[in-house]
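To keep things clear, I will list the structure first and then write my remarks on it.
As the structure is a computational prediction, the values presented were derived from the model and not from experiment. Computed from heavy atoms alone, side chains included, the values below leave out hydrogens, waters and symmetry copies. Below, chain A is the first sequence line, B the second, and so on; all start at residue 1.
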Amino acid sequence: MILLSEFQGFLTSLDIWDISFILLLAVFLGIEVISNVPAILHTPLMSGANAIHGVVIIGSIIVMGHTEPDNYFALTLGFLAVVLGTLNVVGGFVVTHRMLQMFKKKK
Amino acid sequence: MILLSEFQGFLTSLDIWDISFILLLAVFLGIEVISNVPAILHTPLMSGANAIHGVVIIGSIIVMGHTEPDNYFALTLGFLAVVLGTLNVVGGFVVTHRMLQMFKKKK
Amino acid sequence: MANSDILKICYLLGSLSFIVGLKMLSRPDSAKRGNLFAALGMTVSIAGTILFHENVNHATGEVSRIGNLLFIFGAIAIGTLTGYLSAMRVKMTAMPQMVSLFNGMGGACAALISLVEMNTHHPQEFGLRLIIFLGLMIGTVSFAGSMIAFGKLEEKIKDYGSKVQQVINNLLVFAILGLIIYISQGDSTTDSLIWVVFGASAVYGILFVMPIGGADMPVVISLLNSFTGIAAALGGFMYDNQVMLTGGILVGSAGTILTILMCKAMNRSLWNVVSGAFSASGGSGKSTEGLSISEINVTDAAILCAYSQRVTIVPGYGLAVAQAQHTCHEFEKVLESKGVEVTYAVHPVAGRMPGHMNVLLAEADVPYPKLKEMDEVNPHLPNTDVVIVIGANDVVNPAAETDPGSPIYGMPIIKANTAKNVIVMKRSMGKGYAGIENELFYDKKTRMLFGDAKASLEKLIAELKSV
Amino acid sequence: MANSDILKICYLLGSLSFIVGLKMLSRPDSAKRGNLFAALGMTVSIAGTILFHENVNHATGEVSRIGNLLFIFGAIAIGTLTGYLSAMRVKMTAMPQMVSLFNGMGGACAALISLVEMNTHHPQEFGLRLIIFLGLMIGTVSFAGSMIAFGKLEEKIKDYGSKVQQVINNLLVFAILGLIIYISQGDSTTDSLIWVVFGASAVYGILFVMPIGGADMPVVISLLNSFTGIAAALGGFMYDNQVMLTGGILVGSAGTILTILMCKAMNRSLWNVVSGAFSASGGSGKSTEGLSISEINVTDAAILCAYSQRVTIVPGYGLAVAQAQHTCHEFEKVLESKGVEVTYAVHPVAGRMPGHMNVLLAEADVPYPKLKEMDEVNPHLPNTDVVIVIGANDVVNPAAETDPGSPIYGMPIIKANTAKNVIVMKRSMGKGYAGIENELFYDKKTRMLFGDAKASLEKLIAELKSV
Ligand SMILES: NC(=O)c1ccc[n+]([C@@H]2O[C@H](COP(=O)([O-])OP(=O)(O)OC[C@H]3O[C@@H](n4cnc5c(N)ncnc54)[C@H](OP(=O)(O)O)[C@@H]3O)[C@@H](O)[C@H]2O)c1
Ligand SMILES: NC(=O)c1ccc[n+]([C@@H]2O[C@H](COP(=O)([O-])OP(=O)(O)OC[C@H]3O[C@@H](n4cnc5c(N)ncnc54)[C@H](OP(=O)(O)O)[C@@H]3O)[C@@H](O)[C@H]2O)c1
């Protein structure tokens with residue numbers, strides 16, 4: 001029942017505020033960065049963004065990496081999580097790439 | 001010669017990285033936010049930005065607020081700093097406001 | 001340099017690549033490089049995590065690195081192989097399904113992380129528990145919703161919805177949130193309730209997407225996409241991991257804006273889409289009672305085309321359904337060989353995803369310069385001899401310009417009705433996505449050629465070759 | 001909630017207001033609200049600091065709040081009063097000077113903070129010292145540079161520069177940076193060298209701005225503006241203060257982009273501006289030798305105008321120099337009373353700062369609808385009877401369109417030469433900002449009316465009233 005060090009920095013007063021600032025800036029940046037995209041790029045952009053949130057895979061690697069080798073429940077679910085996360089990342093980028101390849105440059 | 005607590009959080013490994021992320025995001029946000037400004041707003045925008053960096057006044061208030069009452073050197077310079085910072089902030093916003101008042105809406 | 005510092009640099013580079021990548025992805029000339037750039041940053045972040053991530057046990061001061069490496073590499077290998085192969089093999093026309101599937105995987109990954117963390121470490125701080133439970137909820141909703149969206153796009157799941165269900169959905173959200181707040185406060189005795197959160201979220205994800213029309217799925221996928229982004233960001237919060245945080249939030253906010261932009265392109269509101277109002281209401285168009293249509297047979301159609309100077313093809317969703325893109329390209333080549341000038345008029349929201357027609361025709365190797373955008377093509381239509389509408393409907397519906405009561409009123413259209421002749425190829429008098437009548441079909445200039453688009457095109461080609 | 005948490009919320013609100021404020025400032029319809037919004041956020045941040053800032057002494061655990069409140073409030077009162085009054089009293093035409101002055105104040109504030117921190121606490125960590133010294137350097141450069149820019153705009157300081165000085169400048173920067181790195185490593189025995197950094201930075205700031213032409217000052221001010229932003233951000237780094245950090249960085253990066261945009265509007269590169277190349281080179285225009293000009297006297301000019309149907313006034317820098325905006329407005333009213341239709345053609349970079357002419361004419365209460373933008377006015381010029389160019393030069397120079405060798409080649413211009421008649425009011429054949437000849441003055445349609453713009457306009461008005 002102890003709080004493992006995985007959450008070492010969690011909720012110390014400094015972190016939570018720094019993170020709030022990161023949050024604030026990232027929200028606005030996400031909005032600004034996208035705001036002028038032409039309709040024809042909506043689908044590839046959606047797909048690219050989809051690949052980027054695959055960054056959640058890092059969480060699953062951390063879980064797996066610090067699981068005791070006899071915790072089968074965690075190992076199984078963690079393993080599954082890494083597989084799914086990889087699917088999201090690899091599939092996402094490859095599909096996006098294929099889509100964009102369809103949009104040849106107008107000469 | 002001791003490091004006063006003013007710098008309490010300084011350079012602990014967590015901070016510096018969180019701050020780097022804030023930096024990264026803020027740089028891009030600054031670029032994105034401005035990028036479509038029409039020429040006619042260049043001067044008011046410059047003036048508004050000028051007022052915003054007046055936020056440096058907060059640093060001077062922190063200096064002043066934690067100076068020993070017998071440290072005349074620090075008190076004098078700190079006092080000057082607060083005056084100058086206030087000038088930057090107040091003057092900046094007021095000038096910007098006056099400029100913008102000149103740009104009446106085209107009916 | 002300490003391992004943790006190297007790791008942070010990797011994460012900084014990763015975040016940078018996501019920002020710049022997204023920016024580049026939103027401009028046609030740099031989109032491809034943007035995607036590769038983001039992929040590179042992702043690789044750096046993942047490799048950095050495996051190599052340099054460390055946990056410090058505060059009690060003993062012990063440092064533990066990432067273990068279970070065999071499992072991790074195995075999982076990554078399986079994921080990479082499966083992901084790569086399925087992404088390469090999927091048909092261009094099934095792209096939206098694929099994106100939905102991958103999105104669901106990301107959501108499930110986030111949910112699993114929460115499940116494992118809760119069951120292994122049983123954390124007791126309110127904030128931490130809240131974040132874990134929220135991550136579980138959002139990830140699960142995104143997963144379940146994406147699966148339904150996938151099913152709908154594959155046409156294996158039908159639309160279903162009612163006013164009552166809307167109410168149930170809303171109640172369910174509040175119930176789940178209430179439960180989460182309750183068990184976040186409690187101690188570990190309530191931990192088994194996590195399965196209730198899990199189950200209820202899955203049900204909610206299903207109910208959320210069920211009533212929404214199949215054609216609205218791209219919008220829904222984009223919305224679920226930003227949900228997964230938020231779930232990833234919650235993971236970043238949990239592990240104090242900035243690359244997960246920035247990546248997740250960027251996608252969360254950019255995805256939300258993108259969803260709104262997609263709705264705008266169809267002249268709809270997000271609420272209108274999500275409440276499934278469209279598929280439910282529909283049918284409020286001008287009445288066409290008393291009007292009559294005229295048909296054309298294949299021979300006459302072939303002759304009309306062959307003796308024209310300029311022909312413009314307007315492809316629509318039906319072309320994709322019939323998988324007639326290759327046949328269409330052949331048709332175009334045959335016509336050109338007869339000296340006819342052929343172009344395609346591509347509407348930005350023709351089909352069921354933005355860029356659908358471009359992707360489809362590119363797959364059939366139609367040369368890019370032949371594809372004209374709506375604005376480019378409209379002024380030339382009055383000088384066009386024949387406009388051939390293949391499986392399109394809403395995008396050529398004049399009601400968008402003339403009937404303020406129509407659900408598509410205000411959407412820009414391809415003004416096929418200004419051309420000299422119009423041939424419409426579709427299977428029946430069936431309605432399009434918006435579910436409304438189309439006056440164009442009753443226009444004096446218009447002749448209908450009924451039948452599956454691919455079959456009709458094949459017959460036309462055969463006829464043309466014998467003219 | 002702990003004080004420190006309340007403070008962070010204040011800072012979060014402050015940062016939010018800066019982002020949204022900047023965004024709103026970059027759109028004409030929301031600019032005013034954006035400025036007020038940012039000001040509000042600033043107030044919250046400052047008030048929050050005074051009320052809730054705390055230092056914790058790690059050795060004793062003692063918490064100290066902000067003290068010396070009397071001094072602080074006194075300083076703020078002095079600053080507010082002086083700032084408000086000077087900002088309210090300054091003439092519209094002296095705005096750029098004012099901005100420069102306020103920018104310098106911010107830079108000085110940052111420099112003073114560094115001086116005090118160093119002299120009071122003598123910190124010994126390399127990173128901390130580095131940041132303090134860098135803040136000192138950048139703040140001082142910004143301060144000194146802004147003062148010179150101010151002097152130039154007030155026309156109290158002349159341009160001065162040479163190739164040698166460019167080299168000296170560059171050496172100086174490296175010397176200062178070297179010194180900073182050296183004393184950042186050292187212990188407190190080298191602390192007195194801080195005064196050397198201070199002095200050298202001041203010298204550099206002066207030398208940096210000296211060679212740059214007075215007319216380029218808006219660009220320089222914008223650049224120094226982003227310097228001060230960076231100095232503020234360094235302060236944020238020093239105190240781990242996020243509102244200083246975000247505010248400073250936002251201004252730093254937005255200011256840099258703005259500087260580049262300003263250069264673009266004049267068809268120049270930033271490097272070209274900063275190296276002072278323009279004022280030095282100049283004079284490379286088409287030769288006008290052998291061409292002759294024709295003058296017009298006040299009476300003839302008045303008659304020509306009075307019997308016209310449409311007159312367009314092109315105001316330029318000279319109008320601002322002569323402070324003739326009110327007289328110009330009167331002139332326009334007298335003409336209108338004679339039944340002449342008068343409009344103003346406003347070039348985006350006429351004058352010495354963007355929007356200069358708008359501000360100037362608005363000050364004289366010229367009704368906004370009378371001000372036409374360049375693109376709006378050009379098509380109508382061939383039907384215009386008289387174009388009156390008042391103190392403008394470069395913005396009507398046809399070389400921008402015809403002479404690829406001209407330094408202004410590529411800049412869009414007001415095509416005065418397409419009108420039926422042109423009257424140019426200036427004091428002499430003196431050159432404009434770009435320092436080049438203007439063929440328009442030698443055009444057959446053009447008549448010159450020499451003299452100070454205000455004096456000439458007054459004579460014209462008197463003459464008109466007697467026509
Ligand atoms: N592109 C996007 O991003 C996107 C996303 C979501 C929604 N939408 C919406 O989708 C619509 C797109 O318009 P659209 O004109 O392309 O399509 P549409 O209005 O949906 O019409 C498609 C037509 O194709 C016909 N069709 C179906 N299968 C066929 C086959 N095998 N052979 C021949 N014809 C067939 C159907 O009529 P029959 O049944 O009589 O054959 C139907 O009327 C717009 O309303 C748009 O707002 C677009
Ligand atoms: N707006 C901006 O943001 C900005 C910023 C920096 C630089 N610039 C540059 O500034 C230039 C602006 O062009 P412009 O046409 O407005 O001005 P200009 O080309 O600088 O010409 C001004 C003219 O006014 C005349 N003049 C000066 N004092 C006068 C007085 N008292 N009465 C009458 N005439 C007087 C001068 O000729 P005499 O000496 O013969 O009288 C001079 O030729 C452009 O080259 C632009 O790129 C603009």
Side-chain angles (χ1 to χ4, degrees), chain A residues 2-63 65-66 85 89 92-93 96 100, chain B residues 2-63 65-66 85 89 92-93 96 100:
Chain A
I2 37 146
L3 239 189
L4 272 214
S5 46
E6 227 151 288
F7 311 115
Q8 46 186 309
F10 191 76
L11 286 186
T12 70
S13 81
L14 267 171
D15 283 355
I16 201 174
W17 291 113
D18 276 349
I19 285 182
S20 308
F21 277 83
I22 293 181
L23 220 116
L24 176 78
L25 295 168
V27 166
F28 277 94
L29 192 54
I31 294 173
E32 287 297 324
V33 148
I34 289 300
S35 51
N36 285 318
V37 59
I40 207 162
L41 282 179
H42 285 172
T43 306
L45 184 60
M46 172 169 94
S47 177
N50 168 50
I52 288 176
H53 67 48
V55 71
V56 70
I57 190 192
I58 287 179
S60 65
I61 293 176
I62 296 178
V63 166
H66 301 294
V89 171
F93 282 119
T96 313
L100 289 168
Chain B
I2 38 147
L3 239 190
L4 272 214
S5 47
E6 227 151 290
F7 310 116
Q8 45 186 309
F10 190 76
L11 285 188
T12 69
S13 81
L14 266 171
D15 284 355
I16 201 175
W17 290 114
D18 276 348
I19 286 181
S20 308
F21 276 83
I22 294 181
L23 220 117
L24 175 78
L25 295 167
V27 166
F28 276 94
L29 193 55
I31 294 173
E32 287 298 323
V33 149
I34 288 300
S35 50
N36 285 317
V37 60
I40 207 160
L41 283 179
H42 285 173
T43 307
L45 184 59
M46 172 169 95
S47 176
N50 168 51
I52 288 176
H53 68 49
V55 71
V56 70
I57 189 190
I58 288 179
S60 64
I61 292 177
I62 296 178
V63 166
H66 301 293
V89 171
F93 283 119
T96 312
L100 289 168

Would you check if the side chain of B:His53 reaches a backbone N or O of B:Asn50 as a donor-acceptor pair within less than 3.5 Å?
-> yes

For residues 41-49 of chain B, which side-chain N or O atoms pair as donor and acceptor with protein atoms under 3.5 Å away, sequence neighbours left out?
unit_1  : atom_1 : unit_2   : atom_2 : d
B:Thr43 : OG1    : D:Pro354 : O      : 2.7
B:Ser47 : OG     : B:Thr96  : OG1    : 2.7

With a 4.5 Å heavy-atom cut-off (strictly below), which parts of residues 22-31 of chain B touch chain A? List them by number.
->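 Heavy-atom contacts from residues 22-31 of chain B to chain A are B:Ile22, B:Leu25, B:Ala26, B:Phe28, B:Leu29.
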
Kindly give the heavy-atom pair with the smallest separation between B:Ala51 and B:Gly92, and that separation in Å.
->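 Here B:Ala51 and B:Gly92 meet closest at CB-C, 3.6 Å.
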
